[in-house]
Number of protein chains: 2
Amino acid sequence: MRRISIVTEKPKLEDVAKLAGVSPTTVSRVLNNRGAISDKTRRRVNNAIEQLNYHPNEIARSLFVSKTHFIGLIFPTTGHPFYGELVFQIESILSDKNYKVLICNTMDQAEKENKYLNMLLANQVDGMIVGAHNIGIETYQRAHLPIVAIDRKVSDTITVVSSDNYQGGRMAAEELLRQGRTKIIHINSVMQREALSSYQRRKGYEDVMTEHGLPFKTYTMDLPFDTEVKKQILSSILDKHPDLDGMFLGDDITAAIALSMVRKREKDIFIVGYDGTETITTCLPELTTIVQPIRSMAQLAVDLLLKEINDDFNDIKKNYVLPVTLKRGE
Amino acid sequence: MRRISIVTEKPKLEDVAKLAGVSPTTVSRVLNNRGAISDKTRRRVNNAIEQLNYHPNEIARSLFVSKTHFIGLIFPTTGHPFYGELVFQIESILSDKNYKVLICNTMDQAEKENKYLNMLLANQVDGMIVGAHNIGIETYQRAHLPIVAIDRKVSDTITVVSSDNYQGGRMAAEELLRQGRTKIIHINSVMQREALSSYQRRKGYEDVMTEHGLPFKTYTMDLPFDTEVKKQILSSILDKHPDLDGMFLGDDITAAIALSMVRKREKDIFIVGYDGTETITTCLPELTTIVQPIRSMAQLAVDLLLKEINDDFNDIKKNYVLPVTLKRGE
DNA sequence: ATGAAAGCGCTAACAG
DNA sequence: CTGTTAGCGCTTTCAT
């Protein structure tokens, strides 16, 4: 079967120029508000643009100016509320500043992270915000590109934005003590393996326990995105500690699983989670959790990134730590 | 303050060619595995590529071949678990096929949706998947671009993928009846205003009620992303119906809010939600809900989109409806 | 106030 | 098997 294609080719700047009876240069000037143009020709050009329903080709423009206004985002998965909300905030703020976002979900796989990094470089992104942590920071540095890391290990070669994980760990432990608990364990997931965010939280928890002369125990889970595995591990941990009365979980999803498991077993174990996303605090208001300031983290990360992009000679990398808050369960 | 820039410029294909002592064409051929190349030169070229740490500029390539391998995704917000998970799935599948994803969060604002649409067109995306519904479908059609809509109104000018919202509504109502409930209301949010997905769900619910000779009542909420407003509305609805024993909510987040509200009031109201995301079924396993097949929807949407992209003359638009399932609360 | 010409980095005829 | 040439759609000196 054949069909006669009536599809008019996408008009280009040259077509506009011809229709308006001017040079391409003039059209470009009208489009970018550059130089001086007589009102007459401006009108003629704008008419032609409208008649042809012309839209400038940003890709061609990007090639010429060697700036794409693309920002790459590398995160474990938007399917997790913390990253889903963080990515949403980052994208919203960037969009307001006329940047466009390429999204990459690594699922904590180093191989994917590497592939995405190369893809972003090949596509000439102006910068990246990275919340995945499965390949070394050096790999990113080789890119010689403005980069802001979220929750990555403190570094003086890259800008890092994080929330106060050490205080978060302390606050969680202190709240558990305040609730009269003493036999408290901590479970963190490997999701933030190299981030050290989980290390800091753990340290906060362990320090508080030590300061109060109490024993502590930290478990680390290996398959953070698989609910069934999480359940099994949690279950065996509960079996191993029949006298437990407090738990500090590294994230709210795991905390939620623990919560319903504890309820099912009719145990009196007080649970504190971590992240405090909109989703979880809305759906599970009874959960006590440490709230990360997602919105501020997004804002700061974007501000710093854009500053790096625009100030060529700024290579002072800093670590920014934002405060966390405790949200008591209802 | 001045600084001497030691930054070596990004190498280009020409640099590789010079270093390898061959023509740019040859380098291009090595990169794209096209034509016949002697092993000797291939090695020389590859060496040069490595020495210079050369990475091809995809933007330049895109311009030439007039294909970007960019896909635009327009959704309300990745901060909502349903869209967060859907976007994750879509991006993962597309990434496997070497497509890159530009993400757009409209927050249900028509103005943003329009801006994003134009941005995507200007950036020469090869296609789009649209789950936002605040501007008319005609606006999208004007783009003359492969597009797949998710949960949009049935249409014969655009491919639509959705789950079986009518059956979903029926299943929710039937489950409530099975639970011995008879005074059942339905609340849907305006989030899917024009999608008609919410209309279908409502119809399913109302049909079942009618078939059983029972009265029905449907409320529509106007500010779907604001938890506080939702609470107030839900609260006043509960006040208005003191004898209520069943509720069917248009999404799980709202259902979760209703659930904790009902618990607080110590009412015996059976609640059925909608969406069945990983996040919610994990965090709130006690919630009964209608599960949309997110993964299959993503897969189908991508398959159809890529087919449209690759088969130029295929303009048979179809509507694909995927089955939903009931997940009983634990 | 406007235009001609060159080129961003790449690829695809076409030639040899 | 390899190179020369032209050009994707745009912007920007440099003229006039």
Side-chain angles (χ1 to χ4, degrees), chain A residues 8-49 52-70 118-126, chain B residues 8-49 52-70 118-126:
Chain A
T8 37
E9 285 307 314
K10 219 180 278 180
K12 43 174 110 173
L13 187 138
E14 200 191 324
D15 301 324
V16 176
K18 270 181 192 148
L19 182 59
V22 297
S23 78
T25 316
T26 303
V27 178
S28 172
R29 281 200 267 255
V30 171
L31 285 171
N32 300 294
N33 266 319
R34 243 187 272 299
I37 306 256
S38 77
D39 275 9
K40 210 182 303 174
T41 49
R42 183 186 305 278
R43 232 163 321 172
R44 278 234 303 269
V45 169
N46 281 326
N47 275 344
I49 287 175
L52 295 175
N53 188 29
Y54 168 75
H55 289 272
N57 182 331
E58 275 290 319
I59 296 298
R61 186 169 198 289
S62 292
L63 179 58
F64 189 88
V65 302
S66 41
K67 272 206 171 293
T68 55
H69 269 62
F70 286 137
N118 289 327
M119 180 277 274
L120 293 175
L121 293 177
N123 285 279
Q124 315 300 115
V125 294
D126 290 350
Chain B
T8 37
E9 285 307 315
K10 218 179 281 180
K12 43 173 109 172
L13 188 139
E14 201 191 325
D15 301 324
V16 176
K18 270 180 193 149
L19 182 58
V22 297
S23 78
T25 314
T26 303
V27 178
S28 172
R29 281 200 267 255
V30 170
L31 286 169
N32 300 294
N33 266 320
R34 244 188 271 301
I37 306 257
S38 76
D39 275 9
K40 210 182 302 175
T41 49
R42 183 188 304 277
R43 232 164 321 176
R44 279 233 302 269
V45 169
N46 281 326
N47 275 343
I49 287 176
L52 295 174
N53 188 27
Y54 168 74
H55 289 271
N57 183 330
E58 274 291 320
I59 296 299
R61 186 169 198 290
S62 293
L63 179 57
F64 188 87
V65 302
S66 43
K67 273 208 170 293
T68 55
H69 268 61
F70 286 137
N118 289 327
M119 179 277 274
L120 292 176
L121 293 177
N123 285 279
Q124 316 298 118
V125 294
D126 291 349

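Keep in mind the model is a prediction, meaning the values are calculated, not measured. Quick note on labels: first sequence line is chain A, next is B, and so on, each numbered from 1. Keep in mind that the numbers below use all heavy atoms, side chains included, and drop hydrogens, waters and symmetry copies.
Donor-acceptor pairing under 3.5 Å is lacking for the side chains of A:S28 and A:T25.
Between A:I37 atom CD1 and D:dT12 atom C1' there is a gap of 13 Å when expressed in whole angstrom units. As a whole-Å value, the separation of B:K67 NZ from C:dT11 C1' is 16 Å. Residue B:L13 contributes atom CG, which lies 6 Å from atom P of C:dT11 at whole-angstrom precision. In this entry the distance linking CG of A:L63 with P of C:dG9 reads 7 Å, nearest Å. Rounded to whole angstrom, the span from the CG atom of B:N32 across to the P atom of C:dC10 amounts to 11 Å. Summarising the geometry, the separation between CD on B:E58 and P on C:dC8 is reported as 19 Å, rounded to the nearest angstrom. Atom CZ of B:R61 is separated from atom C1' of D:dG9 by 17 Å (rounded to the nearest Å). Computed from coordinates, the A:N57 CG to D:dC8 C1' distance equals 9 Å when rounded to whole Å.
Residue contacts shown for A:S62 are absent, as no nucleic acid heavy atom lies under 4.0 Å away. Note on B:R29: a base of the nucleic acid sits closer than 4.0 angstrom, heavy atoms only. Among the atoms of the strands shown, only primed sugar atoms or phosphate atoms (P, OP1, OP2) are found under 4.0 Å from some heavy atom of A:T26.
Comparing atom distances between the B:K12 side chain and each of D:dG9, C:dT2, C:dC10 picks out C:dC10 as nearest. When the nucleotides D:dC10, C:dC10, C:dT2 are ranked by their closest atom to the side chain of A:S38, C:dT2 comes out on top.
No side-chain donor-acceptor contact under 3.5 Å links A:R29 to the backbone of A:R34. A:N123 contributes no side-chain N or O that, together with a main-chain N or O of A:L120, makes up a donor-acceptor pair within less than 3.5 Å. A donor-acceptor pair is defined here as one N or O able to donate and one able to accept, closer than 3.5 Å; no such pair exists between the side chain of B:T26 and the backbone of B:V22.
Comparing A:H55 and B:F64, the nucleotide of DNA chain D nearest to each residue sits closer to the 5' end for B:F64. Where B:G35 and B:A60 each meet DNA chain D at their nearest nucleotide, the meeting point lying more 5' is that of B:G35.
Counting distance only, with no hydrogens placed and no angle test, the side-chain atoms of A:T25 and the base atoms of D:dT12 include a donor-acceptor pair under 3.5 Å.
Between A:L63 and B:A60, the shortest heavy-atom distance links the atoms CD1-CB, 3.7 Å.
OP1 and OP2 of D:dG9 both lie 4.0 Å or more from every side-chain N or O belonging to A:Y54. Remark: A:R34 is not in phosphate contact with D:dT11, judged by side-chain N or O atoms under 4.0 Å from OP1 or OP2.
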